[in-house]
Each structure stands twice: as C-alpha cells, then as structure tokens.
Amino acid sequence: MRRTTMIGLLMLVCSLAAFGQDQPPQWKVVHSLVLIRQTVPVPETRVFTPTEAGVYRVSAYWSETGKGSDQQFTLSWTDVTGSAQELSMSGVGPKPPALFMFIPKIGTPVTYVGSGSIGVYNLAFTIEQLQSSD
C-alpha cells in the first residue's frame, strides 16, 4: 500500500511540473490554398486583410512544367512600415518550399497573382498568424 501511494505521489508531482512549462508559440491558419495541375493563369486574388497587428508566416510551394512556360507566382503585402513587399517564385521545375515571417500593415490586403506564359503548374501555400500566449 505504501509503495502504491509513493508511486502515485511521484507521478502526480511529475505531472504537475509539466503544467508549469512555457508553451511553444501557437499559429492559427488564416488562409490555405492548393492548386494541382493548373493550366490557366493565376488571377490576382485578395488572400485576407489584416484587422489586427501581428506576426504572420507563409509557407509556399511552386512547381511548373511545359515547353516555353515561364509563369511567376507573387504574394504581395504592405509591411507595417508602409513599404510594399513581395515573395516571388518562378521558372520551370520544382522550387524549394519558401518559409518566412512578415508583419503586414492593418487594413491593407495581402494578395497573390501569377504572370507570364503558362505551362502546367502546382501551387500550395498557407498563411498563419502567431497567437499571443495570454
């Protein structure tokens, strides 16, 4: 009985220690898009318009095939400082996934668009917002 009580008490103490640890940052998905084997141009599209200040991250993938194709994918936003910013991926063949963080200006849209001659392309991206740890 004593041994069972001691083991139970030890397990309780160990589990309580885990509750006091800091939690890693939590990310909330704002927008996600997957386009597979597309042959029409990527139209200019508003992804979202930030309504609160915060840090966002985007992870993106682009690949393209086809003779004479030279499509470019561009994600654009206005930085919190007011300057125009963009992430562009272009060219034939798969590109390494892009992953970066940005801080967009509140009230200005984040958009994406494609341009150039068309082949067959694949596009995937996700934008997430860092959530406060409150």
Side-chain angles (χ1 to χ4, degrees):
M1 179 76 168
R2 247 187 210 175
R3 183 178 180 154
T4 305
T5 303
M6 292 303 287
I7 291 173
L9 184 59
L10 181 60
M11 289 175 57
L12 177 64
V13 169
C14 289
S15 65
L16 289 176
F19 285 112
Q21 295 179 1
D22 290 334
Q23 296 297 317
Q26 298 295 311
W27 294 90
K28 175 185 170 189
V29 173
V30 174
H31 186 82
S32 187
L33 175 73
V34 177
L35 300 173
I36 305 295
R37 301 187 55 80
Q38 299 295 300
T39 58
V40 296
V42 178
E44 183 168 3
T45 305
R46 183 171 69 207
V47 180
F48 76 105
T49 301
T51 58
E52 58 187 54
V55 175
Y56 293 80
R57 73 177 173 190
V58 61
S59 51
Y61 172 81
W62 171 266
S63 68
E64 181 181 17
T65 61
K67 186 175 183 176
S69 61
D70 188 22
Q71 176 82 354
Q72 177 172 311
F73 166 75
T74 304
L75 182 71
S76 303
W77 67 94
T78 300
D79 188 76
V80 69
T81 62
S83 64
Q85 302 291 321
E86 63 182 34
L87 164 71
S88 293
M89 293 184 283
S90 64
V92 177
K95 305 295 166 263
L99 177 63
F100 68 95
M101 296 190 306
F102 64 105
I103 305 173
K105 184 176 179 181
I106 296 172
T108 61
V110 175
T111 63
Y112 65 88
V113 67
S115 59
S117 59
I118 299 297
V120 176
Y121 65 89
N122 304 300
L123 168 64
F125 72 87
T126 300
I127 297 177
E128 301 164 291
Q129 181 183 18
L130 182 63
Q131 300 297 292
S132 66
S133 58
D134 296 353

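Please read these numbers as outputs of a predicted model, since none were measured by experiment. Note that these values count all heavy atoms, side chains included, but never hydrogens, waters or copies made by symmetry.
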Next on the checklist: Taking transitive links into account, so neighbours of neighbours count too, which hydrophobic residues share a cluster with Val40 at under 4.5 Å side-chain distance?
Outcome noted: none

Item to check | All side-chain contact (heavy atoms from CB on, under 4.5 Å) counterparts of Val113, not counting sequence neighbours | outcome: Glu44, Thr74

Next on the checklist: Test: ring-ring contact (aromatic ring centres under 6.0 Å, His included). Region: residues 24-44. Which pairs qualify, not counting sequence neighbours?
Outcome noted: His31-Phe125

Next on the checklist: Please say yes or no: joined through hydrophobic side-chain contacts below 4.5 Å, possibly via intermediate residues, are Val30 and Leu130 part of one cluster?
Outcome noted: no

Checklist outcome for this item: Closest non-hydrogen contact found for Leu99 with Ser59 is CD1-CB, 3.8 Å

Item to check | Candidate pair Val58 and Leu75, rule side chain to side chain contact (heavy atoms under 4.5 Å, CB included), full reasoning | outcome: CA-CA 10 Å; Val58 61; Leu75 182 71; 3.8 Å; yes

Checklist entry - By the rule that ILVMFWY residues connect when side-chain heavy atoms come within less than 4.5 angstrom, directly or transitively, which residues belong alongside Ile36? => result Val34

Item to check | Heavy-atom pair with the smallest gap, counting every atom of Gly54 and Pro104 | outcome: O-CD, 3.9 Å

Scan the side chains in residues 76-85 for donor-acceptor partners under 3.5 Å anywhere in the protein, sequence neighbours excluded, and list what turns up.
unit_1: Asp79; atom_1: OD2; unit_2: Thr81; atom_2: N; d: 3.1
unit_1: Asp79; atom_1: OD2; unit_2: Thr81; atom_2: OG1; d: 3.0
unit_1: Thr81; atom_1: OG1; unit_2: Ser83; atom_2: OG; d: 3.4
unit_1: Ser83; atom_1: OG; unit_2: Gln85; atom_2: NE2; d: 2.9

Checklist entry - Taking all atoms of both residues into account, what is the closest heavy-atom pair of Met101 and Val55, and its distance? => result SD-CG1, 4.0 Å

Checklist outcome for this item: Shortest non-hydrogen pair, Leu87 vs Ala60, comes out as CD2-CB, 4.4 Å

Item to check | Set of side chain to side chain donor-acceptor pair (under 3.5 Å) partners for Gln26, sequence neighbours left out | outcome: none

Checklist entry - Which salt bridge (charged side-chain N to carboxylate O under 4.0 Å, His left out) pairs, counting each pair once, include a residue from residues 27-41, with sequence neighbours left out? => result none

Checklist entry - Do the side chains of Val29 and Tyr112 join up, straight or via other hydrophobic residues, at under 4.5 Å, putting them in one cluster? => result no

Item to check | Pairwise side-chain hydrogen bond (donor to acceptor under 3.5 Å, both in side chains) hits with a residue in residues 120-130, at least two apart | outcome: Ser32-Thr126, Glu52-Gln129, Tyr56-Gln129, Arg57-Glu128, Ser63-Asn122

Next on the checklist: Would a single hydrophobic cluster contain both Leu33 and Val110, if residues Ile, Leu, Val, Met, Phe, Trp and Tyr are joined by side-chain heavy-atom contacts under 4.5 Å?
Outcome noted: yes

